[in-house]
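Read through the structure below, which is laid out as structure tokens, and then see the notes.
In what follows, every chain begins at residue 1, and chains take the letters A, B, ... in the order their sequences are listed.
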Number of protein chains: 2
Amino acid sequence: MPEDGYTVGGLARLAGVTVRTLHHYDDVGLLVPSRRTATGYRLYDAADADRLTRILYYRDLGFGLDDVAALLDGDTDPADHLRTQHRLLTERRDRVQELVTAIERELEAHMSGIRLTPEEQLEIFGERWDPAYRTEAEERWGDTDAWAQSQERTRSWTKADWEQVKERTDAMDELLAEAFVAGVQPGSVRADELAEAHRAELNRFYDADHAMHRGVVGFTTGDERFRARYESLAPGLSDWLRAVVEANADRHA
Amino acid sequence: MPEDGYTVGGLARLAGVTVRTLHHYDDVGLLVPSRRTATGYRLYDAADADRLTRILYYRDLGFGLDDVAALLDGDTDPADHLRTQHRLLTERRDRVQELVTAIERELEAHMSGIRLTPEEQLEIFGERWDPAYRTEAEERWGDTDAWAQSQERTRSWTKADWEQVKERTDAMDELLAEAFVAGVQPGSVRADELAEAHRAELNRFYDADHAMHRGVVGFTTGDERFRARYESLAPGLSDWLRAVVEANADRHA
DNA sequence: GGTTGACCCTCACGCGACGTGAGGCCTCAC
DNA sequence: GTGAGGCCTCACGTCGCGTGAGGGTCAACC
């Protein structure tokens with residue numbers, strides 16, 4: 001900290017804002033520098049910088065400048081602002097996590113070849129947002145952060161890679177349909193081979209052990225539209241796939 | 001979904017936006033409803049709703065409407081948008097987590113009676129932000145989410161509660177200073193009693209086992225300003241406190 | 001002590017993303 | 001057929017700055 005306080009430019013650089021922004025905050029009385037030089041230069045001291053810090057957090061949280069002014073000029077103890085901002089920021093982080101989960105749900109649907117209804121897609125932006133959804137991904141995926149793994153592994157994938165995966169998935173589905181039609185029984189050697197092949201496909205994205213494999217397939221075959229996709233390949237396929245995967249998982253338990 | 005598509009109001013309610021917003025998106029060509037009734041009513045179909053979903057995510061991420069239009073009208077495959085939005089949202093979530101960590105750092109400093117410099121406070125908003133900071137809290141606090149615990153426990157605290165804690169902390173510090181001046185040796189019975197009392201204070205906020213106690217004290221007594229606070233009570237107190245806590249932690253290892 | 005370049009000042013207009021009516025038509029249930 | 005609620009199109013207002021314009025200041029170096 002310079003001995004006589006910060007100039008506009010100096011403080012602006014520190015805070016990652018423009019000089020114009022500090023001018024504006026001065027104009028509207030939100031952050032008036034505690035001193036000016038004889039020639040009219042603004043000088044900000046440590047208390048000004050502290051106030052600016054609070055302002056920037058509240059602004060980031062979406063408060064209007066007059067709301068921020070009202071908050072900061074209220075008779076609250078400084079630590080109250082820290083606690084308030086901590087609470088609001090954690091809420092915001094959780095909200096963003098919900099958006100992430102919602103996107104994962106869409107991606108999952110897309111990769112499974114099913115379409116979400118507009119209601120499902122827009123649910124998260126709607127008014128009464130059910131917090132039960134918040135934990136849905138956890139329940140579905142178990143403890144591990146499968147999606148983080150998936151994202152990590154597919155970060156550098158090109159469109160061609162994705163298309164290849166889609167092709168392989170389609171091929172896998174056909175293989176399953178053929179086996180089902182041919183009368184392969186869940187628990188048989190051939191069925192277990194197919195279950196492992198199916199699990200191997202999932203492992204392109206994340207580490208799926210047998211318990212997780214059971215969970216994922218249980219979830220997807222419970223979805224009407226996913227069932228529709230499998231049923232269109234061969235009626236009864238989705239229930240059969242579930243049975244195959246469960247028998248295989250039991251054998252590895 | 002209504003058979004003939006959504007009206008403005010219907011879609012607006014679903015998406016948690018105002019009718020005016022949809023009108024605006026129509027005006028600027030960002031989201032033009034696929035149909036109109038004979039009397040001029042806007043009708044949005046599922047594809048429109050899907051486009052709106054993408055728009056809302058991008059908008060939430062801070063893109064301008066024309067940027068969003070450019071993105072959506074580019075020749076990208078739909079899944080690319082999902083992947084892009086997933087990546088941007090996780091980055092955003094991590095950024096908010098950094099803000100949370102920064103506030104925790106401020107709270108911690110405040111409760112320890114030390115003041116951060118403006119540089120330290122504003123660092124997170126500055127230009128070149130060191131991602132090493134991102135993991136600082138983890139290293140300091142270990143595996144457990146101590147701050148979440150702390151927040152949980154202190155959620156309903158009143159200002160009086162906080163003042164009481166401050167008083168108790170000050171009293172604790174004086175007790176420590178007296179023992180130090182009286183020549184109490186680290187590792188002695190009395191010193192271990194004091195270490196446990198100090199740990200008990202921390203337990204008002206979160207579960208601190210002996211390893212964590214060692215970590216927290218090691219960190220704080222490494223900070224110049226924290227040392228200054230302790231040194232002003234009694235020269236040598238901070239190093240002594242660290243020795244006392246480490247001896248106690250060793251004995252419980 | 002003059003010049004140069006980076007800073008600082010005060011107007012003042014512009015803009016993006018809607019908010020907020022105004023004035024009027026449509027639809028549907030009673 | 002009538003009232004309530006929803007829809008339409010203007011059109012001006014607002015908020016948080018961006019972006020110059022025109023001009024003074026400061027520190028350094030010639």
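- Under the 3.5 Å distance criterion, with hydrogens and angles disregarded, a donor-acceptor pair is assigned to the side chains of B:His81 and B:Tyr58.
- Residue A:His24 contributes atom NE2, which lies 16 Å from atom P of C:dC9 at whole-angstrom precision.
- In terms of polar N and O atoms assigned as donor or acceptor, the side chain of A:Tyr25 never comes within less than 3.5 Å of the base of D:dG16 in a complementary pairing.
- Taking a cutoff of 4.0 Å between a charged side-chain nitrogen and a carboxylate oxygen, B:Asp45 and B:Arg35 do not qualify as a salt bridge.
- Rounded to whole angstrom, the span from the CZ atom of B:Phe63 across to the C1' atom of C:dA17 amounts to 17 Å.
- When rounded to the nearest whole Å, the span between CZ of A:Arg20 and P of C:dC13 equals 13 Å.
- One finds no side-chain N or O of A:His23 lying less than 4.0 angstrom from the OP1 or OP2 phosphate oxygen of D:dC17.
- Backbone-only engagement by B:Val8 is indicated by non-hydrogen atom pairs under 4.0 Å involving sugar-phosphate atoms exclusively.
- The distance from atom CG of A:Leu22 to atom C1' of D:dG16 is 13 Å, rounded to the nearest whole Å.
- At least one side-chain heavy atom of B:His24 sits less than 4.5 Å from a side-chain heavy atom of B:Val28.
- Within the nucleic acid shown, B:Thr18 comes within 4.0 Å of sugar-phosphate atoms alone, with no base atom in reach, counting heavy atoms only.
- A 4.5 Å side-chain heavy-atom check between B:Leu89 and B:Asp60 finds every atom pair outside the cut-off.
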